[in-house]
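Keep in mind that the numbers below use all heavy atoms, side chains included, and drop hydrogens, waters and symmetry copies. Proteins come first, then strands; the chains are lettered A, B, ... in the order of their sequence lines, and each starts at number 1. Because the structure is predicted, anything quoted here is derived from the model rather than measured.
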2 protein chains.
Amino acid sequence: MGGSEIRRNMPLFSIGIVMQLTDLTARQIRYYEEHELISPARTEGNKRLFSLNDIDKLLEIKDLIDQGVNMAGIKQIFNVKQQTAISAAEKKQAEKTRRELSDADLRKLLRKELQQAGRFNRSGNHGDMSKFFH
Amino acid sequence: MGGSEIRRNMPLFSIGIVMQLTDLTARQIRYYEEHELISPARTEGNKRLFSLNDIDKLLEIKDLIDQGVNMAGIKQIFNVKQQTAISAAEKKQAEKTRRELSDADLRKLLRKELQQAGRFNRSGNHGDMSKFFH
DNA sequence: AAACATATGTAAGATAATCTGACATGAAAA
DNA sequence: TTTTCATGTCAGATTATCTTACATATGTTT
């Protein structure tokens with residue numbers, strides 16, 4: 001179940017398409033990027049390229065703005081969601097680990113873990129792009 | 001199960017992205033369009049916009065060309081596939097009809113059918129874009 | 001072999017789509 | 001009322017794509 005992560009993060013859509021899909025103006029989309037609510041990829045020539053996850057986020061942003069939340073609020077909400085997702089992933093991973101690793105593996109892992117702490121990753125709580133893809 | 005049809009036919013992708021996704025050159029893609037193997041939509045400004053189905057087809061075309069099939073051959077293959085799909089759909093539809101319509105409905109339908117014959121529609125035998133979306 | 005057809009490469013000139021940066025503005029907050 | 005926020009709008013620059021035309025390698029027909 002890790003492949004769909006990649007797919008949902010694949011930069012595929014031009015800003016024009018994203019405008020249609022989200023019903024936001026280019027100005028709005030760029031403004032949200034400026035406030036780091038999204039971070040679309042770029043082409044070699046500096047054109048923005050959005051992923052499905054970006055579009056999900058934009059739809060969420062739109063909802064939240066309709067409900068009167070400002071940039072700062074949305075940023076916090078995203079942080080919380082991300083943290084929640086990370087926790088959930090860690091929990092799942094811990095559970096998986098408990099079941100899958102032998103004691104020997106565990107010792108090896110522990111050693112590694114003690115040395116280099118703190119790597120990171122994206123998470124992914126999907127919105128409702130299910131309207132567009134299945 | 002009709003919504004995903006729409007989604008797969010939604011024009012979303014610029015030619016640049018399709019080039020990356022299919023590993024075809026712009027020249028090749030335009031050539032295949034010229035030979036009516038695909039019919040991408042256009043923006044107001046005449047830029048091509050490809051759907052998931054278009055991309056499926058391009059991947060199929062690529063395979064067939066690798067296997068030495070020429071434009072004419074591919075066109076025939078697509079025709080056959082489409083016909084097959086239509087037949088399948090008709091069969092399914094007939095079955096559905098048999099189960100779902102009352103005799104009254106059937107009489108009404110029959111009348112209509114006798115008047116205006118011959119409307120049409122797309123079909124859809126999907127390729128393997130499952131690599132990119134789920 | 002010569003001539004032709006097919007599929008693709010490549011280049012030129014035109015136009016569309018997008019970019020950044022700046023200034024304008026209405027509504028809400030201070 | 002003055003600021004701040006979210007968005008609109010315009011200008012000038014750059015990228016991406018378009019069509020058309022010619023070039024070319026490989027395969028086919030005469």
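Of the two residues near DNA chain D, Ile17(B) and Ile65(A), the one whose nearest nucleotide lies more 5' is Ile65(A). Mapping Phe50(A) and Thr25(B) onto DNA chain C by nearest heavy atom places Thr25(B) closer to the 5' end of the strand.
Side-chain atoms of Arg27(A) come within donor-acceptor range of the base of dT9(D), with a qualifying N/O pair under 3.5 Å.
Which of dT7(D), dC19(C), dA16(D) sits closest to the side chain of Ile15(A) comes down to dC19(C). Listed nucleotides: dC19(C), dA22(C), dA16(D). Nearest to the side chain of Thr43(A): dA16(D). Nearest nucleotide to the side chain of Lys47(B), out of dT17(D), dT8(C), dG8(D): dT17(D). If you check dT7(D), dG8(D), dG9(C) against the side chain of Tyr31(A), the one that comes closest is dT7(D).
Remark: P of dT18(C) and CG of Leu49(A) are 10 Å apart, rounded to the nearest angstrom. To the nearest angstrom, P of dT26(D) lies 18 Å from CE of Met71(B). Look at CD on Glu33(A): it is 16 Å from C1' on dT7(D), rounded to the nearest Å. With rounding to whole Å, Glu34(A) atom CD is found 13 Å from dC19(C) atom C1'. Nucleotide dT6(C) holds its P atom 17 Å from the CD atom of Gln28(B), rounded to whole Å. As a whole-Å value, the separation of Arg48(A) CZ from dA16(D) C1' is 15 Å. dT7(D) atom C1' lies 13 Å from atom CD1 of Ile29(A), rounded to whole Å. In this structure, Phe13(B) places its CZ atom 18 Å from P of dA17(C), rounding to the nearest Å.
Here Ser14(A) does not reach the OP1 or OP2 of dA17(C): none of its side-chain N or O atoms lies under 4.0 Å away. Proximity of Tyr32(B) to the phosphate of dA7(C): no side-chain N or O atom is located under 4.0 Å from OP1 or OP2. Neither OP1 nor OP2 of dT14(D) sits under 4.0 Å from any side-chain N or O of Asn46(A). Between Arg42(A) and dT20(C) there is a side-chain N or O to OP1 or OP2 distance below 4.0 Å.
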### Task
Please step through side chain to side chain contact (heavy atoms under 4.5 Å, CB included) for the pair Arg48(A) and Phe13(A), ending with a clear verdict.
CA-CA 8 Å; Arg48(A) 269 166 266 254; Phe13(A) 307 99; over 6 Å; no
### Message
Applying salt bridge (charged side-chain N to carboxylate O under 4.0 Å, His left out) to Glu33(A) and Arg42(A), what does each step give before you reach the verdict?
### Response
CA-CA 12 Å; Glu33(A) 179 186 18; Arg42(A) 299 284 182 137; 3.4 Å; yes
### Query
Given Glu36(B) and Lys75(B), is the side chain to side chain contact (heavy atoms under 4.5 Å, CB included) satisfied, shown in steps?
CA-CA 8 Å; Glu36(B) 301 178 284; Lys75(B) 197 179 302 189; 4.3 Å; yes
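Residue Arg30(A) is classed as a base contact, given a heavy-atom separation below 4.0 Å to a base.
Taking 4.5 Å as the limit, some side-chain heavy atom of Ile77(A) sits within range of a side-chain heavy atom of Leu64(A). Taking the side chain as every heavy atom from C-beta outward, Leu21(A) and Phe50(A) never approach each other to under 4.5 Å.
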